[in-house]
Number of protein chains: 2
Amino acid sequence: MPIRILCAPDKFKQACSADEAARAMADGVRRAAPGADIRVLPLADGGEGTLEVLREVFPQRKQVPTCDARGRKVTAAIAFSDDGTRALVESAQACGLWRLDEGERNPLETETRGVGQLIAAALDAGAREIMLGLGGSATCDGGAGMLHALGAKFYSDAEIVPTGGTLKDLRRVDLSGIDKRLQSVQLIALCDVTSPMIGPNSATRRYTVQKGGSTRMIHKLEQNLDRLVKCAAKAGVLATGLEPGSGAAGGLGYGAMLLGGQLQAGAATVLELIGFEKQMAGVDLVLTGEGSYDEQTAEGKLVAALGQACGKARVPLVVLAGAARPVNVEGVTAAFSVNIPGARKQDNLNATLESLRRHAAAVVRLMNR
Amino acid sequence: MPIRILCAPDKFKQACSADEAARAMADGVRRAAPGADIRVLPLADGGEGTLEVLREVFPQRKQVPTCDARGRKVTAAIAFSDDGTRALVESAQACGLWRLDEGERNPLETETRGVGQLIAAALDAGAREIMLGLGGSATCDGGAGMLHALGAKFYSDAEIVPTGGTLKDLRRVDLSGIDKRLQSVQLIALCDVTSPMIGPNSATRRYTVQKGGSTRMIHKLEQNLDRLVKCAAKAGVLATGLEPGSGAAGGLGYGAMLLGGQLQAGAATVLELIGFEKQMAGVDLVLTGEGSYDEQTAEGKLVAALGQACGKARVPLVVLAGAARPVNVEGVTAAFSVNIPGARKQDNLNATLESLRRHAAAVVRLMNR
């Protein structure tokens with residue numbers, strides 16, 4: 001019987017998409033075992049790429065007008081189940097970091113208004129359940145922009161347009177105007193991280209620099225988000241911004257709670273939606289990968305969710321990462337770095353793909369000896 | 001039957017010895033397969049560490065006075081077979097780069113006189129066959145210092161003491177005074193590289209910078225070595241400095257030829273001396289490693305010699321390298337980088353050893369699934 005291998009990577013940030021990585025892995029497996037039974041299953045954790053990865057669950061697409069994290073008009077896709085009752089909104093389609101040039105990245109200035117517009121479009125289309133994929137955002141506004149677009153009002157002395165920076169003047173929040181349709185819709189936020197929005201382990205501290213912010217900016221943003229939480233509390237909100245996942249996508253997790261949404265672990269939910277257990281049945285190896293396999297992986301990134309599933313099913317799981325740090329993640333049989341230590345530029349697409357092919361082939365040769 | 005694994009790495013330059021690497025690999029194998037049948041066989045290519053690795057073939061040691069590449073008095077070991085008829089001289093014990101601080105490294109100023117003194121000591125002890133391990137030298141003097149110590153004379157107008165730099169004034173070489181005992185002794189030079197001493201692919205061009213030289217120094221050294229070859233030719237020498245391996249240890253390969261020595265590939269000779277084929281018999285996997293697995297590996301470094309042996313015997317060979325570049329080496333089943341891409345300092349001993357353990361365990365888990 002030929003060896004059966006499931007190639008199921010996450011995206012490699014700044015190098016390749018999950019789909020490109022999965023196909024490179026499959027090519028590599030084929031080099032080492034031409035007769036192998038290979039399945040390709042690109043994955044995502046609720047962040048960037050989730051829409052693409054869940055194509056079979058949400059096959060219908062609608063292009064709608066929205067705006068990016070700097071407020072510029074863009075067109076973005078939202079996805080629906082075949083019967084139209086369930087919608088998938090990927091926040092990165094609107095306020096994603098990928099839409100901004102390096103010079104445009106500044107979490108004090110960016111906003112999530114576009115995410116609110118995408119949710120409104122899903123409501124307009126009649127969705128009864130909305131999955132909101134969180135991750136890969138260029139923002140740190142606690143979801144205030146999204147709330148604003150859906151009818152919330154933010155005031156200092158006068159009304160303000162909320163961004164990560166303008167929240168510093170916030171005195172009062174009025175949530176009474178939020179779109180009433182949301183009351184009868186199930187909103188589920190898929191969080192790509194478990195970090196809270198505020199507090200000593202906040203997403204703000206961890207990810208502001210990735211979003212183009214300076215370390216000095218972190219303190220300002222923390223103060224602004226504290227202010228948002230306090231004002232919302234005065235308006236009757238119970239959420240504290242300390243909930244695990246509330247820090248996802250610069251606090252869009254927290255914002256989603258203010259819309260009545262539930263926070264869920266993005267990776268685990270994607271695996272469930274995609275029917276991972278069934279896809280994995282009978283395979284001899286799951287090959288996965290991500291840009292960086294590190295301490296954060298163990299804290300609930302996609303590879304950790306795969307580890308749980310594979311560990312339970314006793315299927316070997318091998319991680320091919322851009323860089324693999326020496327961490328232990330339950331259910332991971334082996335993890336290898338595919339980038340070359342000491343080489344200068346590592347985010348070259350072709351080099352990463354070829355290295356994925358080589359490493360996939362090497363792993364299969366070892367298993368197939 | 002337990003899995004049988006031979007841990008047979010080269011040294012990891014600037015990180016750990018072959019012995020340390022082999023024991024770390026064995027520890028890692030044990031983690032993944034506590035019942036494994038593990039053999040440890042540190043290897044070398046004729047360069048630094050060869051004396052240690054061939055301890056069973058040359059178990060007798062003698063400490064003798066010699067000098068380092070800067071002419072300072074040091075004590076170094078030479079090794080003998082139990083019957084005393086065969087000696088092993090490791091050139092790096094005298095003129096090795098490891099003996100010099102960074103500021104002392106300068107191939108224009110360094111010399112190989114100490115190697116000649118070690119050979120003289122082996123002759124004094126009555127050896128009938130001398131193996132001269134070449135590699136890891138801090139020098140680029142074409143072996144002139146070694147020849148000088150054994151009785152050759154070098155002249156400009158007056159006699160000169162040859163170093164990489166003083167050869168620029170060389171006008172005449174007199175080889176008539178070379179120790180006559182060498183005529184009845186078999187001298188075998190184990191070369192760690194196949195590069196010639198001069199010409200477009202010379203070892204001088206490749207390795208001068210590793211020895212602490214500047215790129216500007218390369219041209220000077222090439223001219224000086226050309227001059228040495230021309231003067232030696234006038235004295236009746238047939239060697240041209242273009243012979244493969246003549247560039248080993250800054251031209252000590254060439255110098256050895258002037259002593260009547262034969263050049264041999266160091267790695268293959270070490271494998272033969274150590275009885276590698278026999279050691280490998282019946283194992284399921286050979287784990288090897290080296291600091292850098294790259295284009296030079298394919299050109300005849302130790303791992304390539306292992307690849308030939310393992311390929312012939314159809315034993316899987318896995319390379320755990322500090323950094324593994326995407327090269328194809330015959331007989332190598334898989335090659336992995338153990339250093340972490342993007343991490344700053346990679347030559348930390350403990351980090352390298354722990355990463356070797358982790359990777360050895362990972363490989364065995366894959367094979368043992």
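For clarity, every value in this text was computed on a predicted model and none was experimentally measured. Both backbone and side-chain heavy atoms feed into the values below; hydrogens, waters and symmetry mates do not.
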K.L.:
Of all the heavy-atom pairs spanning P326(A) and I340(B), show the shortest one and how long it is.
P.N.:
CD-CD1, 3.4 Å

K.L.:
If contact means a heavy atom pair closer than 4.5 Å, which residues of residues 353-364 of chain B contact chain A?
P.N.:
R358(B), H359(B), A362(B), V363(B)

K.L.:
Applying salt bridge (charged side-chain N to carboxylate O under 4.0 Å, His left out), can you list everything that pairs with E102(B), at least two apart in sequence or on another chain?
P.N.:
none

K.L.:
Is the number of heavy atoms from other residues, nucleotides or ligands within 6.0 Å of CD (Q210(B)) greater than 12?
P.N.:
yes

K.L.:
With chain B as the partner chain, list the residues of residues 327-337 of chain A whose heavy atoms fall under 4.5 Å from it, by residue number, and write 'none' if nothing qualifies.
P.N.:
V327(A), N328(A), T333(A), A334(A), A335(A), F336(A), S337(A)

K.L.:
Without placing hydrogens or testing angles, list every side-chain donor-acceptor pair under 3.5 Å for residues 302-319 of chain A, not counting sequence neighbours.
P.N.:
none

